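Source: prediction; values computed, not measured. Counting convention: from 1, in listed order, for ligands and their atoms alike. The first residue in the sequence is number 1, and the count goes up from there.
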Amino acid sequence: MNSKLFTPVTIGPLTLRNRTIRSAAFESMCPGNKPSEQLLDYHRSVAAGGVGMTTVAYAAVTRSGLSFDRQLWMRPEIVPGLRRLTDAVHAEGAAASIQLGHCGNMSHKSICGCMPVGASSGFNLYSPTFVRGLRADELPEMARAYGHAVNLARESGFDAVEVHAGHGYLISQFLSPSTNHRKDEFGGSLENRMRFMDMVMDEVMKAAGNDMAVLVKMNMRDGFRGGMELDESLQVAQRLQQSGAHALVLSGGFVSKAPMYVMRGEMPIRTMTHYMDCWWLKYGVRMVGKWMIPTVPFKEGYFLEDALKFRKALTMPLVYVGGLVARQKIDEVLDCGFEAVQMGRALLNEPGFVNRMKAEENARCSCRHSNYCIARMYSIDMACHQRLKEELPPCLKKEIERIESRG
Ligand SMILES: Cc1cc2nc3c(=O)[nH]c(=O)nc-3n(C[C@H](O)[C@H](O)[C@H](O)COP(=O)(O)O)c2cc1C
Ligand code: SF4
């Protein structure tokens, strides 16, 4: 069969030059919560490397939505910096998207400036912090913040936005029965748990008008007992289809309960704690990290089996993400009816991977899912250990080699 990979694809008002998208993978390159030269350079390199579209990760729609101090916070003063980034991406022939979200209970007062808010009150061990459940009368304003962020994205020159409705962030905290214990019209039945997402999508689609593409990243499963499963997430996807969203990105996992379900493999705990400044967090995570971040085995294309069930049930464009490191698997996924694929780690490992796939039918990048990039992202920035200028300290080298040798 002829490969679809290098044929154009249409997502709402947007046509991409090919079917590859750099997934939203938090760069941790935004000190002061604003874009930097480093962020621009990375996205330019991926665009020059051939992707159809690159996605700037994880921009918070309000200050309360920040979970890192090197994360974007959407506000008018960062528009000129983002404009320079989108101009650079466009000059390389790629489109630009930005992921919009709110981390909900995954923050800390020192970062988000207030007691973290979520679907329900409680304690989040992963931050660690107490959390205040949002009042129903606060939700319309929160939903409007997503719409404002879409307008800022347009002013900044983005072609698309990706609403983050998965991975245990705010919308996902409302959807999941494990984090939504509300007794009002936003909790209980799935219909009620989808109500906040519906409000957000109304605002987003209104703001997007007819010139911005809207993708939504959602969970097929939360990845732990008591979380959302396929029966409910298929209904969520149907609802998003009705909302007019132009494409869904099908993912899974929950940062505060099943983080490795998102990316698979093992988290290099020694590496993660090596870069941490806070001594008590460093030693705490070293002691209980293995228990808090359990390994989930990696398999190439690990979400494909679940994603195929969504392909059968929906007519809208679907984007596959999860464990793509080789051209052959990408062709297989596209032949299954997905309109496009996203890659995270393959493009951290090799920003020019898409161009190489054009030339080599058997191209495979050399990412071996050590997850060093994630462990480093928490404290410094997102980078692949294979591309670092500096030598890794021997203890980290040993840990990464051990993880990679397990395959
Ligand atoms: C360093 C790193 C940071 C990530 N940050 C985000 C993020 O901000 N938002 C998000 O939706 N997914 C995030 N992810 C998940 C990826 O977008 C993607 O869903 C996942 O890594 C699976 O794709 P892959 O196997 O191609 O890497 C991150 C992944 C990595 C490796
Ligand atoms: S650090 Fe490891 S997981 Fe991340 S891109 Fe590099 S090889 Fe892949």
Backbone or side-chain N or O of H164 under 3.5 Å from ligand 1 N or O: yes

Close N or O approach (Y58, ligand 1; < 3.5 Å): no

Ligand 1 N/O within reach of G323 N/O, cut-off under 3.5 Å: yes

S23 neighbourhood, listing ligand 1 atoms whose heavy-atom distance to it stays under 4.0 Å: 16 (C), 17 (O), 18 (C)

Nearest non-hydrogen protein atom, atom 23 (O) of ligand 1: V321 CG2, 3.7 Å

A25 and ligand 1 - part of the residue with a heavy-atom distance under 4.0 Å: both

D159 side chain to A96 backbone, donor-acceptor under 3.5 Å: yes

Proximal ligand 2 atoms for N371, defined as those under 4.0 Å from one of its heavy atoms: 2 (Fe), 3 (S)

Within reach of ligand 1, part of Y378 (heavy-atom separation under 4.0 Å): neither

Numbered atoms of ligand 1 (with element) below 4.0 Å of Q99, judged on heavy atoms: 7 (C), 8 (O), 9 (N), 10 (C), 11 (O)

is_close_aromatic(F26, Y58), centroid dist under 6.0 Å: yes

Proximal atoms of ligand 1 relative to Y302 (non-hydrogen, under 4.0 Å): 22 (C), 25 (O)

K398 atom NZ: more than 12 heavy-atom contacts under 6.0 Å: no

Spatial distance of atom SG (C278) from atom OH (Y283) [nearest 0.5 Å]: 11.5 Å

E305, CD atom: more than 12 neighbouring heavy atoms under 6.0 Å: no

Side chain N219, main chain H167, donor-acceptor under 3.5 Å: yes

Verdict with supporting geometry, L250 and R311, side chain to side chain contact (heavy atoms under 4.5 Å, CB included): CA-CA 10 Å; L250 299 168; R311 184 59 296 167; over 6 Å; no

Heavy-atom nearest neighbour of atom 24 (P) of ligand 1 within options R345, Q71, M382, E27: R345

S251, any N or O under 3.5 Å of ligand 1 N or O: no

Atom indices of ligand 1, in the order listed, that fall short of 4.0 Å to a heavy atom of H167: 10 (C), 11 (O), 12 (N)

Closest approach of any protein heavy atom to atom 7 (C) of ligand 1, naming residue and atom: A24 O, 3.3 Å

Expected output: side-chain E162 to main-chain V216 donor-acceptor under 3.5 Å: no

Polar proximity ligand 1 side, K217 side, N/O cut 3.5 Å exclusive: yes

Contact partition for M263 relative to ligand 1, non-hydrogen atoms under 4.0 Å: side chain

Gap between atom CG of L5 and atom OG1 of T7 - 0.5 Å precision: 8.0 Å

Heavy-atom donor-acceptor pair, Q235 side chain to D231 backbone, under 3.5 Å: yes

Rounded distance [0.5 Å steps], CG in N105 versus CZ in F123: 11.0 Å

From L347 atom CG to H43 atom NE2, the distance as rounded to the nearest 0.5 Å: 11.0 Å

M343 neighbourhood, listing ligand 1 atoms whose heavy-atom distance to it stays under 4.0 Å: 26 (O)

Metal site atom 6 (Fe) of ligand 2, protein N/O/S atoms found under 2.8 Å: 1

Atom indices of ligand 1, in the order listed, that fall short of 4.0 Å to a heavy atom of A57: 8 (O)

Which of the ligand 1 atoms, numbered from 1, are nearer than 4.0 Å to a heavy atom of G344: 24 (P), 26 (O), 27 (O)

Donor-acceptor pair, side chain of E399 and main chain of I269, under 3.5 angstrom: yes

Donor-acceptor under 3.5 Å (R70 side chain, K34 main chain): no

Check: Q386 side chain, S366 main-chain N or O, donor-acceptor pair, under 3.5 Å: yes

Side-chain donor or acceptor of R63 paired with backbone N/O of W73 under 3.5 Å: no

Nearest neighbour in protein (non-hydrogen) for atom 3 (C) of ligand 1: F26 N, 3.2 Å

